[in-house]
Amino acid sequence: MDDIDNILETAQQRAEEMGLPYKGALLPAEAIALLRAKPETKLVDVRCKAELDWVGRIPGAIEIELSSYPGMQPNPDFVDQLATQITDDATLMFICRSGNRSDHAATIMSQNGFPNCYNVLEGFEGDKDESGHRGRKNGWKAAGLPWIQS
């Protein structure tokens with residue numbers, strides 16, 4: 001079994017242990033390893049446009065708002081917008097600020113016939129630190145993974 005198989009197996013075990021309705025839950029370092037080893041894997045960033053513009057983006061990610069700012073109104077076309085950019089059997093990894101909206105996105109896509117959905121735990125900015133700030137404790141940015149700012 002190679003490293004990627006181990007990562008996927010661990011992610012699937014996590015999902016089972018957490019009672020998640022989709023295939024797996026990845027840590028940011030596991031997600032980037034999967035992207036690098038299997039470029040056909042799609043990273044879907046579900047943060048709103050304001051977050052992408054002000055906080056930062058992940059190069060190469062598919063960007064589709066799950067909810068729109070202000071007011072965080074749900075995007076009724078989320079499934080259709082994403083479905084036009086992927087195949088039914090694509091491996092999809094979802095990321096948001098902290099892992100909550102991406103959990104919801106992975107659930108929605110799994111319920112809509114996409115069987116290979118994974119949530120990126122900790123999200124882009126991760127949990128708040130002792131000062132109440134994100135982006136330092138854990139998550140994509142704190143792990144030093146690729147990102148850019150507008």
Side-chain angles (χ1 to χ4, degrees), residues 1-48 51-52 55-58 60-69 71-130 132-147:
M1 191 180 295
D2 68 9
D3 288 344
I4 296 306
D5 289 336
N6 286 332
I7 287 171
L8 292 172
E9 183 178 310
T10 299
Q12 292 164 14
Q13 288 172 349
R14 260 190 220 114
E16 280 183 37
E17 290 167 6
M18 297 170 78
L20 301 174
Y22 44 83
K23 195 153 188 180
L26 297 157
L27 296 172
E30 295 167 337
I32 195 75
L34 184 56
L35 277 175
R36 288 177 176 157
K38 295 187 173 224
E40 67 276 11
T41 299
K42 304 296 182 194
L43 178 63
V44 183
D45 194 329
V46 301
R47 293 176 295 148
C48 68
E51 290 171 292
L52 296 168
V55 180
R57 311 181 123 81
I58 300 170
I62 296 171
E63 298 172 352
I64 301 178
E65 293 181 311
L66 185 63
S67 302
S68 299
Y69 179 86
M72 301 312 282
Q73 296 301 313
N75 175 359
D77 300 318
F78 177 79
V79 173
D80 292 336
Q81 289 172 348
L82 181 53
T84 64
Q85 299 184 54
I86 59 171
T87 60
D88 291 349
D89 63 344
T91 298
L92 304 172
M93 299 184 300
F94 295 90
I95 192 166
C96 66
R97 181 188 69 193
S98 62
N100 292 324
R101 279 174 286 169
S102 53
D103 169 81
H104 187 57
T107 300
I108 289 170
M109 293 307 287
S110 292
Q111 292 169 343
N112 279 276
F114 295 86
N116 299 311
C117 296
Y118 293 79
N119 184 26
V120 179
L121 301 171
E122 302 172 3
F124 185 73
E125 292 184 89
D127 298 320
K128 291 180 182 178
D129 65 14
E130 59 281 345
H133 299 124
R134 294 185 189 274
R136 299 179 187 159
K137 186 174 181 180
N138 57 16
W140 190 274
K141 281 175 71 173
L145 303 178
W147 68 282

Looking at every non-hydrogen atom in both residues, tell me the closest pair between [X] and [Y] and how far apart they are.
{"X": "Ile58", "Y": "Pro146", "value": "CG2-O, 3.9 Å"}
{"X": "Lys141", "Y": "Val55", "value": "NZ-O, 3.9 Å"}
{"X": "Ser67", "Y": "Cys48", "value": "O-CB, 3.4 Å"}
{"X": "Ala29", "Y": "Leu145", "value": "N-CD1, 4.1 Å"}
{"X": "Ile62", "Y": "Gln85", "value": "CG2-OE1, 3.5 Å"}
{"X": "His133", "Y": "Arg136", "value": "ND1-NH1, 3.3 Å"}

Quick one: [atom1] on [X] to [atom2] on [Y], what's the gap to the nearest 0.5 Å?
{"X": "Glu65", "Y": "Gln73", "atom1": "CD", "atom2": "CD", "answer": "11.5 Å"}
{"X": "Phe78", "Y": "His104", "atom1": "CZ", "atom2": "NE2", "answer": "9.0 Å"}
{"X": "Ile95", "Y": "Ser102", "atom1": "CD1", "atom2": "OG", "answer": "7.0 Å"}
{"X": "Leu35", "Y": "Glu40", "atom1": "CG", "atom2": "CD", "answer": "10.0 Å"}
{"X": "Lys23", "Y": "Asn119", "atom1": "NZ", "atom2": "CG", "answer": "15.5 Å"}
{"X": "Met109", "Y": "Leu92", "atom1": "CE", "atom2": "CG", "answer": "6.0 Å"}

Tell me, with the steps shown, if Phe94 and Leu82 meet side chain to side chain contact (heavy atoms under 4.5 Å, CB included).
CA-CA 11 Å; Phe94 295 90; Leu82 181 53; 3.7 Å; yes
If you look only at pairs with a residue in residues 75-91, which of them pass as a salt bridge (charged side-chain N to carboxylate O under 4.0 Å, His left out), with sequence neighbours excluded?
none
Would you please name every residue forming a side chain to side chain donor-acceptor pair (under 3.5 Å) with Glu122, sequence neighbours left out?
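With sequence neighbours excluded, Glu122 shows a side chain to side chain donor-acceptor pair (under 3.5 Å) to no residue whatsoever.
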More than 12 non-hydrogen atoms from neighbouring residues, nucleotides or ligands closer than 6.0 Å to CE on Met72, yes or no?
yes
Taking atom types as modelled, is there a side-chain donor on Tyr22 or Gln111 under 3.5 Å from an acceptor on the other?
no
Take Met18 and Leu121 through the test side chain to side chain contact (heavy atoms under 4.5 Å, CB included) and record every step on the way to the result.
CA-CA 12 Å; Met18 297 170 78; Leu121 301 171; 4.2 Å; yes
Side chain of Arg57, backbone of Asp45: donor and acceptor closer than 3.5 Å?
no
Under 4.5 Å between any side-chain heavy atoms of [X] and [Y], yes or no?
{"X": "Arg36", "Y": "Ile32", "answer": "yes"}
{"X": "Lys38", "Y": "Thr91", "answer": "no"}
{"X": "Val44", "Y": "Ile86", "answer": "no"}
{"X": "Ser110", "Y": "Pro21", "answer": "no"}
{"X": "Asn75", "Y": "Leu66", "answer": "no"}

With under 30° as parallel and over 60° as perpendicular, where do the rings of Trp147 and Phe124 fit, or are they tilted in between?
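Trp147 and Phe124: perpendicular rings.
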Between Arg14 and Glu30, is there a salt bridge with N-O shorter than 4.0 Å?
yes
